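This report concerns only the one structure given below.
Just so you know, these numbers come straight off a predicted model, no measurement behind them. Every chain is numbered from 1, with letters handed out A, B, ... down the list of sequences.
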Number of protein chains: 2
Amino acid sequence: MTKRVTVHDVARAAGVAIATVSRVANGVPTVAEDVRARVQAAIDELGWKPSMAAQSMRGVSARMVGFIFSDIRNPIYSSMVKGAESVLTEQGYMLMVASSDGSSERELALLDLFRQRGADGVIFAVQDESNSKVLAKVRSGSLPVVLLERELDAQVNAVGADHLRGTRQAAEYLISLGHRRIAMITGGRGNRVARDRLLGLQQAHEQAGLPVDPKLLRLDGFSADYAYRETQMLLGLSDPPTAIIGLGTPLLSGLLPAIRINNLRVPEDVSLIVSNDSELAQLATPPVSVIRYDAHALGDEAARILLRQLKGEIQPERTRIQIPTELVLRGSCAPPRTRR
Amino acid sequence: MTKRVTVHDVARAAGVAIATVSRVANGVPTVAEDVRARVQAAIDELGWKPSMAAQSMRGVSARMVGFIFSDIRNPIYSSMVKGAESVLTEQGYMLMVASSDGSSERELALLDLFRQRGADGVIFAVQDESNSKVLAKVRSGSLPVVLLERELDAQVNAVGADHLRGTRQAAEYLISLGHRRIAMITGGRGNRVARDRLLGLQQAHEQAGLPVDPKLLRLDGFSADYAYRETQMLLGLSDPPTAIIGLGTPLLSGLLPAIRINNLRVPEDVSLIVSNDSELAQLATPPVSVIRYDAHALGDEAARILLRQLKGEIQPERTRIQIPTELVLRGSCAPPRTRR
DNA sequence: TTGTACGCGTTATCAT
DNA sequence: ATGATAACGCGTACAA
């Protein structure tokens, strides 16, 4: 049970005052070279590390940022975390993580918790960007925040993928193959991502002079279960879709069994495009075409923006970074079967 | 730019001494009921929250634990993190995470970093449990540690899955189907998990009076690339395996394409069992049999043990928790094709 | 260039 | 039961 080594111990060992030790530790230039060497030797000798608690009391940043997501098990978030971590580590920051499990109450609590724990800022994948309490707290600026895949307004920095373009491209491609009844399954009704995706679908239809059938839109869930259920219902329609766009990583593992249980084949009976890319999409039979974007890069950029914000480099204007999407064609798309 | 609310502000507002405020905040019983109420009202009124920095200086725990893994993108680790987080949150703890990317230097640095940052303990998925420096640091007890899927010795608490039994069961099943040449691909040579897996394979063979062909053992990697390469080589042998056991989540996405590119079919030409379970294994064609264990439960148990250790409830004896494994049979196993 | 002394916001000890 | 006050370890203004 050895006591903690403090500045006093080092000062005594080096035969100087604690202020000098502090100066050496913080690289203050006004220290004689021989003294600096002696102090440094004492520091190394005793293995002294400044107490972060004491430093915090003096207002020194803890170099820590928080990351709020719904569930780290979604590979999209683990990739983002990894991306954020890689740039934060470089700058000596560490990462605290917490799941909201989709609850806005929890998100509010976490925001407070992070602030209370001295986080410098938060990277935040808001669940419901229309929740006014969360909105207010983020805007209040009590803690620097960078939003992931969401957008509140001009005051809050954000980074997200270009879902509008990605979805439009996918729909355009299906239309070019001859599809006229294209279903879309995704979740997060009312958030930025969902709005952009719907818009992309509509734009592609408009451009081709085609109508969007509201019955083919299933916009209320991100889970495999939801995809399974809705796909079943879609395929059971009297006028079923000839192509399905499934947006949200977990959806694919609901889509595939639902199609199979109906004894339908991809792409002969129904074409398929999903997002994001995954091993399952790559290795399914047939491999599934995807709208791909780099989640790691998203986390990376979010951390970069937050860090710049913390350094006061981008106060005035809001920054919004768009990560590009890419349509990767595999074996899951074909012209629609001619109607009987 | 409002100043922080402190005990002094609350004390002044309630007309008491700061000591009394502290007593109320910490639930010390020796406070008159009316005073307690008045102070509490002032606390709520001003929205005072004790500064964690100041508390830390007084030796109050920060209620924070660290989690070190190689890469959070491995679903095994994101599940563990989620499991750990769920029990930590309940107890008011938060989680700091960091990737080692497989580097022992980085692991050492992270252990120091976590201690310096006042973590109460660490959940640690050591990469190379034979690294003596990491070993020494963990054993030094400078920070309470619970090991994941590893075992140093009797002094350090650990939790892991029962890989010996899982692998033995898988091998026994393949042998019972008639397989005599069973290959095994996995990584982490020399760590507990790899040893147990190899032992399981050997035990199953011994029990059946069969030899293990060392040429069928590929024990040096966990990546999809490694699996792809080694599977190619295995299938190119003059006497190739009739079944492959691939242990490590990322391996499957290397195994599958390697088998396909050789124009072989599962299970007709080669049987397949992998670990851990994944969406890909469930939805591949055919679905792949797996040795399954609950990574979420593993993280959960690790956190529980760490918490008990922090409360001093399990000092004396080392605790080792075994999570059971389960052999889930799907369509990827069949009797070997009779030799031509 | 170096040293002394104060304050950060708590908790804990000692009086009262 | 309550109040005054001393630490905790650091950074820094000010004095030397």
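- Side-chain atoms of Asp120(B) come within 3.5 Å of backbone atoms of Met64(B) as a donor-acceptor pair (strictly under, hydrogens ignored).
- Listed by residue number, there are no residues of residues 110-120 of chain B with a heavy-atom contact under 4.0 Å to DNA chain D.
- For Lys49(B) and Arg23(B), each mapped to the nucleotide of DNA chain C holding its nearest heavy atom, the one lying further toward the 5' end belongs to Lys49(B).
- Rounded to an integer number of Å, the gap from Asn26(A) CG to dC10(D) P is 11 Å.
- Applying the 4.0 Å criterion to OP1 and OP2 of dG9(C), one finds that Gln55(B) has every side-chain N and O outside that range.
- Of the possible polar contacts, one joining the Glu149(A) side chain to the Ala161(A) backbone as a donor-acceptor pair under 3.5 Å is found.
- Residue contacts for Thr30(B): at a heavy-atom cut-off of 4.0 Å it reaches a base atom on one of the strands shown.
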If you restrict it to nitrogen or oxygen atoms, what contacts under 3.5 Å exist between nucleotides 5-8 of chain C and the protein, and what is each distance?
unit_1: dG7(C); atom_1: N2; unit_2: Arg58(A); atom_2: NE; d: 3.3
unit_1: dG7(C); atom_1: N2; unit_2: Arg58(A); atom_2: NH1; d: 2.6
unit_1: dG7(C); atom_1: N3; unit_2: Arg58(A); atom_2: NH1; d: 3.2

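- Residue pairs meeting the ring-ring contact (aromatic ring centres under 6.0 Å, His included) criterion with at least one member in residues 86-125 of chain B, sequence neighbours excluded, do not occur.
- No side-chain donor-acceptor contact under 3.5 Å links Asp71(A) to the backbone of Asp101(A).
- Remark: the backbone N or O of Ala84(B) is not paired with any side-chain donor or acceptor of Arg304(B) at under 3.5 angstrom.
- In this structure, NE2 of His8(A) is placed 12 Å from C1' of dG11(D), rounded to the nearest angstrom.
- When each of dT2(C), dT2(D), dG9(D) is scored by its nearest atom to the side-chain atoms of Val31(A), the top-ranked nucleotide is dT2(C).
- Proximity of a side-chain donor or acceptor of Asn26(B) to a complementary backbone N or O of Val28(B) within less than 3.5 Å is not detected.
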Verdict with reasoning, Ser99(A) to Glu85(B), per side chain to side chain donor-acceptor pair (under 3.5 Å): CA-CA 8 Å; Ser99(A) 304; Glu85(B) 194 205 338; 2.6 Å; yes
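- Proximity of Ser22(A) to the phosphate of dC10(D): no side-chain N or O atom is located under 4.0 Å from OP1 or OP2.
- In the set dG3(C), dT2(D), dT10(C), the nucleotide with an atom closest to the side chain of Pro50(B) is dT10(C).
- Checking dT2(C), dT12(D), dC10(D) against the side-chain heavy atoms of Thr20(A) singles out dT2(C) as nearest.
- Checked by atom type and distance alone, the side chain of Arg150(A) never pairs as donor or acceptor with a backbone atom of Glu129(A) at under 3.5 Å.
- The ring-ring contact (aromatic ring centres under 6.0 Å, His included) contacts involving residues 61-87 of chain B comprise Phe67(B)-Phe69(B), where partners must be two or more places apart or lie in separate chains.
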Candidate pair Asp128(B) and Ser130(B), rule side chain to side chain donor-acceptor pair (under 3.5 Å), full reasoning: CA-CA 5 Å; Asp128(B) 172 11; Ser130(B) 65; 2.6 Å; yes
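- Bending across the helix from dT1(C)-dA16(D) to dT16(C)-dA1(D), expressed as the angle between its end axes from five pairs apiece, amounts to 40° (10° rounding).
- Across Leu143(B) and Arg115(B), no two heavy atoms sit closer than the pair CD2-N, 3.9 Å.
- Between the side chain of Arg117(A) and the main chain of Ala62(B), a donor-acceptor pair closer than 3.5 Å is present.
- For DNA chain C, the residues of residues 37-48 of chain B within the heavy-atom distance limit of 4.0 Å (strictly under) are Trp48(B), sorted by number.
- For the pair Asp9(A) CG and dG9(D) C1', the computed distance is 11 Å after rounding to whole Å.
- Distance alone, capped at 3.5 Å, places no donor-acceptor pair between the Thr89(B) side chain and the Ser86(B) backbone.
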Asp112(A) and Gln116(A): CA distance, side-chain angles, deciding distance, side chain to side chain donor-acceptor pair (under 3.5 Å) verdict: CA-CA 6 Å; Asp112(A) 281 339; Gln116(A) 192 185 340; over 6 Å; no
